[in-house]
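Have a look at the structure below before the remarks.
The chains referred to below are lettered A, B, ... by the order of the sequence lines, with proteins before strands, and numbering in each begins at 1. Reckoned from all heavy atoms, side chains included, excluding hydrogens, waters and symmetry mates.
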Protein chains: 2
Amino acid sequence: MTDMRTSLDPDMFDAACPSGDGPLRVGDKWTGMIISCLEDGPRRFSELQVPLRRVTPKVLTETLRRLERDGLVTRTAYPEVPPRVEYELTDLGRTLLQPLAAARVWCADHLPQLIEARNRPTAD
Amino acid sequence: MTDMRTSLDPDMFDAACPSGDGPLRVGDKWTGMIISCLEDGPRRFSELQVPLRRVTPKVLTETLRRLERDGLVTRTAYPEVPPRVEYELTDLGRTLLQPLAAARVWCADHLPQLIEARNRPTAD
DNA sequence: CAGAATCCACATCGATACTG
DNA sequence: CAGTATCGATGTGGATTCTG
């Protein structure tokens with residue numbers, strides 16, 4: 001076995017659950033998904049863009065900057081060409097992994113019921 | 001001792017923590033606070049307005065309607081005059097009480113650190 | 001590769017006034 | 001009491017194009 005980290009599953013967010021929809025959110029729209037992506041170690045900007053292929057670079061940058069400002073993520077730019085930038089969870093950022101997992105569990109257990117209620121036609 | 005339920009503490013949300021700010025949110029801006037208010041039983045519209053005195057009736061109504069549509073809260077209107085309406089958590093709504101409490105714990109443990117990072121001047 | 005710049009659509013939230 | 005009706009501010013997210 002080699003020491004290369006596994007790459008991110010391109011489809012890890014095809015289940016609409018924890019961060020996109022649902023009543024339990026971690027930060028804004030993409031924050032929870034980004035934190036999930038960083039769970040196993042630092043990731044490059046373009047690595048994040050694989051599972052998060054529906055986010056525009058502008059919004060991804062904004063969200064990462066917010067996470068950095070809040071002390072949840074560190075940004076490391078390596079002075080190379082072509083440029084390489086890595087984002088990594090801080091210890092504070094890691095404290096969100098548990099609530100995030102709990103949100104996933106809630107969704108798995110209860111989100112279908114909520115969706116069903118939402119789609120039920122109103123009685124009027 | 002009587003059987004009247006205790007009224008809501010008007011200042012129960014003066015600590016800015018779980019629903020207003022912080023990276024862990026339950027639903028939109030007021031949802032978490034409303035669910036907290038309903039924890040001990042049904043409450044009237046005007047009862048909710050006491051601790052939630054910064055929400056306008058329009059937004060409170062919108063939020064309650066959303067909660068109702070999602071099957072998290074029931075709305076019961078009594079045919080009296082003056083009108084009386086009570087909102088109550090459903091079983092599904094009650095499943096959010098634990099994540100909500102967990103969010104409060106996270107805030108108590110870590111929010112100060114986040115706030116400090118946010119207020120730290122950027123290195124530039 | 002990792003973004004910056006610009007423009008824009010939409011949803012959320014709020015202020016204010018009014019009503020069955 | 002428990003809302004409804006308008007109007008307006010704000011902000012979040014997206015589409016597109018361009019660059020060191």
Salt-bridge contact Asp109(B)-Arg104(B) (side-chain N to carboxylate O under 4.0 Å): no

Pair Arg118(B) + Glu116(B): basic N to acidic O under 4.0 Å: no

Within residues 73-81 of chain A, which residues have any heavy atom lying less than 4.0 Å from an atom of DNA chain C? Arg75(A)

Quick one: do Arg53(B) and Asp11(B) make a salt bridge, cutoff under 4.0 Å? yes

Axis-to-axis angle for the helix from dC1(C)-dG20(D) to dG20(C)-dC1(D), ends of five pairs each, to 10°, equals 60°

Kindly write out the residues that satisfy side-chain contact (heavy atoms from CB on, under 4.5 Å) with Pro51(A), not counting sequence neighbours, or none if the list is empty. Leu8(A), Met12(A), Phe13(A), Cys37(A)

Listing request: all salt bridge (Lys or Arg N to Asp or Glu O under 4.0 Å) pairs with a residue in residues 32-42 of chain B, at least two apart in sequence or in separate chains. none

Does this structure show an ion pair linking Arg66(B) with Glu62(B), if we count only N-O contacts that are shorter than 4.0 Å? no

OP1 or OP2 of dC1(D) under 4.0 Å from side-chain N/O of Tyr87(B): no

Using a heavy-atom distance cut-off of less than 4.0 Å, which residues of residues 46-70 of chain B contact DNA chain D? Ser46(B), Pro57(B), Lys58(B), Thr61(B), Arg65(B)

Between Phe45(B) (CZ) and dC1(D) (P), how many Å, whole number? 11 Å

Which nucleotide of DNA chain C is the first, and which the last, in the 5' to 3' direction, to come under 4.0 Å of a heavy atom belonging to chain A? dC1(C) to dC7(C)

